[in-house]
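Have a look at the structure below before the remarks.
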Amino acid sequence: MNTWWRRIALSLVAVFGIVIAYGFIYQWGMQTFEGEERTIYESIQVVIESLTTAGFGGDTDAWNSAPMNLIVIGMNLSGVLLVFLALPLFVVPLFQRALATQPAESTDLTDHVIICSHREREDVLRDELEAAGVPSIFVDDDPETVTALTAAGIEAMVGDPEQEQTLRAANIDDARALVVDISDEANPEVILTARELTDEIQIVSVAEDEAAETYHRYAGADVVVRPRQVLGHSLAAKAAMSVTTELQETIELDEQFEITEFLVERDSDLAGRTIAESGIRNRMGINVIGAWFNGEFVPAPDPEMTITEHTILLVAGSHEMLTELTARTLSPAEERTFRVVIGGYGEVGRTVSDTLEAEGISQTVIDRREDLGIDVVGDVTDEDTLEAADIGSARSIVLSLDDDTAAIYATLILENVAPETEVIARANETETVRKLYRAGAEYVLALSTVTGRILSSILLEDEEVLTPETQFEIVRTTAPEFAGQTLGDLDIRARLGCTVVAAERDGELLTDLGPEFTIQRDDSVIVAGSDETVNRFIAASR
């Protein structure tokens, strides 16, 4: 039952209880103080007349004793309170709110994506779908969640997605896909229910733990996504880059053109120079597509902008030049150590550990529980625990905590007890990313961003997210609305805040795109920027 209707029902029960209780008191008072018999029905009638201030009929002449008059006075005052205070303040607003906020229980959408249920990483997915013009609806069993989504203008309906009638009400027969992200335990039941109704729909399930992936596939999921594993690999790659001079993960578009991101470390060759002074563009032939300065994304930054420590550069160029640039983003070799501390040994932490071990990088693992693979048992937000892990001598620490608040606290402490140690942090929610940067983290990646990008890349046929696990979003997509127009006329950087990096035409990759380059209808363009700016491009180009 809806929460508001439940409150209304309780209010009505309370009123009826007061009426019946007063009925028995009135009956007893008339017998005891006035010596007159009254049935319970006659007594309740008098009570109702009194509480509603409608009058007292013929019983007024029978109230001769002081106690009986006090009883009637009490009922009169109760009636005044109910009519003039309780009803306007509590009951009426409850009725109004219940009637005004009834969550939907079905939808008329077609060719849509059904998302079960709602959390922030599904918001990232919905934004990607909306930009591509694909309708979607959240299905959640919490009426208040659905009401809040509806109030925000987001399609949502209430229901238990494990029940057939809920998926039928979500119009599953006319949907293009079903995304299931409730829990590792609940997801298979939803998948089985959906498969009972249709074999045609694409089902994508999100699994937190490796062991759950098999059950999701057995239940009938077409694709099982494990974003924590992807996030762990990415965080490990950033930590590996901190202790080696080798070029880590890149997006290879052809033999001579790759895209990657670099974190500029303190005291490195690039720190303190402007982009023009660094020679990245002119001498090395590397295109600076964008940069994060203090948590703010800047597309195609001005050559006179200064590269500071902790700047994250998104660059494109040949493998040889990018390898050379790697060394210039790192601190001097004599200051480097080759050990990484891992804070938190859940799914993400284990993936980080396994990846670093495969790279032959020394590591120290901290976790609250004692288990195989954990070197220091304790809380990473505790200074004594960090001291036990010899944090001061570590090159970097990867905070793979499943609690954003704890990650913020740990970062603040690390900035004070080990300011030279690089902090690479995982965040659950996108809004935490900026807070972690302000707290002092050098690199942050949100699980919700990774999940949303992976899911959208699976669901959208005309769009491929090339970098689900980076600070930047790089997408290969079509742009039919821009066909016949030049990049100079479109002025995409100024209007939309992102950059067209390259284009694919007739199987050939075109990377030297000047203002005169004209987009053709059958072109696939590769666009780079923040999630928000890339979504703006997709929405405008469709």
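Worth saying up front: this structure is predicted, and the values here are computed from it rather than measured. Throughout, residue positions are numbered sequentially from 1 according to the sequence presented.
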Inset, instruction - Quick one: do Glu277 and Thr306 satisfy side chain to side chain contact (heavy atoms under 4.5 Å, CB included)? Show the steps, please. - result: CA-CA 9 Å; Glu277 292 171 344; Thr306 300; over 6 Å; no

Legend entry - Separation between CZ of Arg328 and CG of Leu270, rounded to the nearest 0.5 Å: 4.5 Å

Legend entry - Closest non-hydrogen atom pair between Val365 and Asp375, with its separation: N-OD2, 2.8 Å

Inset, instruction - Determine, stepwise, if the pair Val180 / His216 fulfils side chain to side chain contact (heavy atoms under 4.5 Å, CB included). - result: CA-CA 10 Å; Val180 190; His216 293 199; over 6 Å; no

Inset, instruction - Return yes if some donor-acceptor pair links the side-chain N/O of Ser234 with the main-chain N/O of Leu231 below 3.5 Å, else return no. - result: no

Legend entry - Side chain Thr511, main chain Ala502, donor-acceptor under 3.5 Å: no

Inset, instruction - Could you tell me whether the side chain of Asp222 and the main chain of Ile203 form a donor-acceptor pair under 3.5 Å? - result: yes

Inset, instruction - Taking all heavy atoms of Phe537 and all of Leu496, pick out the closest pair and write down the distance. - result: CA-CD1, 3.7 Å

Inset, instruction - Indicate yes or no for a side-chain donor-acceptor contact from Ser353 to the backbone of Arg350 under 3.5 Å, with no hydrogens or angles considered. - result: no

Legend entry - Backbone of Ala131 reached by a side-chain donor or acceptor of Asn535 within 3.5 Å: no

Inset, instruction - For a side chain to side chain contact (heavy atoms under 4.5 Å, CB included) with Phe138, tell me which candidate from Val146, Val113, Ile114, Asp123 qualifies. - result: Asp123

Inset, instruction - Find the distance between CD1 (Ile280) and OG1 (Thr274) and round it off to the nearest 0.5 Å. - result: 9.5 Å

Inset, instruction - For the residue pair Glu128 and Glu473, establish whether any side-chain heavy-atom pair is separated by less than 4.5 Å. - result: yes

Inset, instruction - Look at Arg126 together with Glu122 and state whether they make a salt bridge at an N to O cut-off of under 4.0 Å. - result: no

Legend entry - Which atom of Ile289 lies closest to which atom of Ala316, heavy atoms considered: CD1-CB, 3.6 Å

Legend entry - Gap separating the CG atom of Leu356 from the OG1 atom of Thr351, nearest 0.5 angstrom: 10.5 Å

Inset, instruction - May I ask you to say whether Arg395 pairs ionically with Glu442, meaning some side-chain N is under 4.0 Å from a carboxylate O? - result: no

Inset, instruction - Start with the C-alpha distance between Leu414 and Thr421, add both sets of side-chain angles, then the distance that settles side chain to side chain contact (heavy atoms under 4.5 Å, CB included), and finish with yes or no. - result: CA-CA 8 Å; Leu414 286 162; Thr421 301; 5.6 Å; no

Inset, instruction - Indicate the atoms forming the closest heavy-atom contact of Pro227 with Thr451, along with that distance. - result: CB-OG1, 3.1 Å

Inset, instruction - For the pair Thr411 (side chain) and Gly440 (backbone), establish whether a donor and an acceptor sit closer than 3.5 Å, ignoring hydrogens and angles. - result: no

Inset, instruction - Decide if atom CD of Glu415 counts as having more than 12 heavy atoms of other residues, nucleotides or ligands within a radius under 6.0 Å. - result: yes

Legend entry - Ile458 side chain reached by Gln202 side chain, heavy atoms, under 4.5 Å: yes

Legend entry - Beyond-backbone contact of Glu347 with Arg226, side-chain heavy atoms, under 4.5 angstrom: yes

Legend entry - Side chain proximity check, Gln229 to Glu213, heavy atoms < 4.5 angstrom: no

Inset, instruction - Flag the pair Thr193 / Thr166 as yes when at least one side-chain heavy-atom distance between them is below 4.5 Å, and no otherwise. - result: no

Legend entry - Exam field: side chain Asp367 to backbone Tyr345, donor-acceptor pair closer than 3.5 Å: yes

Legend entry - 4.5 Å side-chain heavy-atom contact, Val380 and Ile397: yes

Legend entry - Any donor-acceptor N/O pair, Asp160 side chain to Glu162 backbone, under 3.5 Å: yes

Inset, instruction - Nearest 0.5 Å please: distance from the CD1 atom of Ile474 over to the CZ atom of Arg453. - result: 9.0 Å

Legend entry - Thr329 side chain to Thr326 backbone, donor-acceptor under 3.5 Å: yes

Legend entry - Point-to-point distance, once rounded to the nearest 0.5 Å, from CG of Leu235 to CZ of Arg228: 12.5 Å

Legend entry - Shortest non-hydrogen contact from Ile366 toward Ala389: CD1-CB, 3.6 Å

Legend entry - Exercise: identify the closest heavy-atom pair between Arg119 and Asp181: NH2-O, 3.5 Å

Inset, instruction - Could you walk me through whether Ile191 and Ser205 pass side chain to side chain contact (heavy atoms under 4.5 Å, CB included), step by step? - result: CA-CA 8 Å; Ile191 296 167; Ser205 181; 3.8 Å; yes

Legend entry - Residues Glu261, Lys238: salt bridge by 4.0 Å N-O rule: yes

Inset, instruction - Look up atom CG in Asn287 and atom CD1 in Ile259, then write down how far apart they are to the nearest 0.5 Å. - result: 9.0 Å

Inset, instruction - Give the C-alpha distance, both sets of side-chain angles, the deciding distance and a yes or no for side-chain hydrogen bond (donor to acceptor under 3.5 Å, both in side chains) between Thr147 and Thr150. - result: CA-CA 5 Å; Thr147 298; Thr150 304; over 6 Å; no

Inset, instruction - Would you mind telling me which of Leu149, Val139, Ile154 makes a side chain to side chain contact (heavy atoms under 4.5 Å, CB included) with His118? - result: Leu149

Legend entry - Arg426 side chain near Asp402 side chain, heavy-atom distance below 4.5 Å: yes

Legend entry - Heavy-atom side-chain contact between Leu125 and Leu459 under 4.5 Å: yes

Inset, instruction - Tell me, yes or no, whether the heavy-atom count around Glu324 atom CD, taken from other residues, nucleotides or ligands under 6.0 Å, exceeds 12. - result: yes

Legend entry - Backbone N/O of Val124 and side chain of Asp531: donor-acceptor pair under 3.5 Å: no

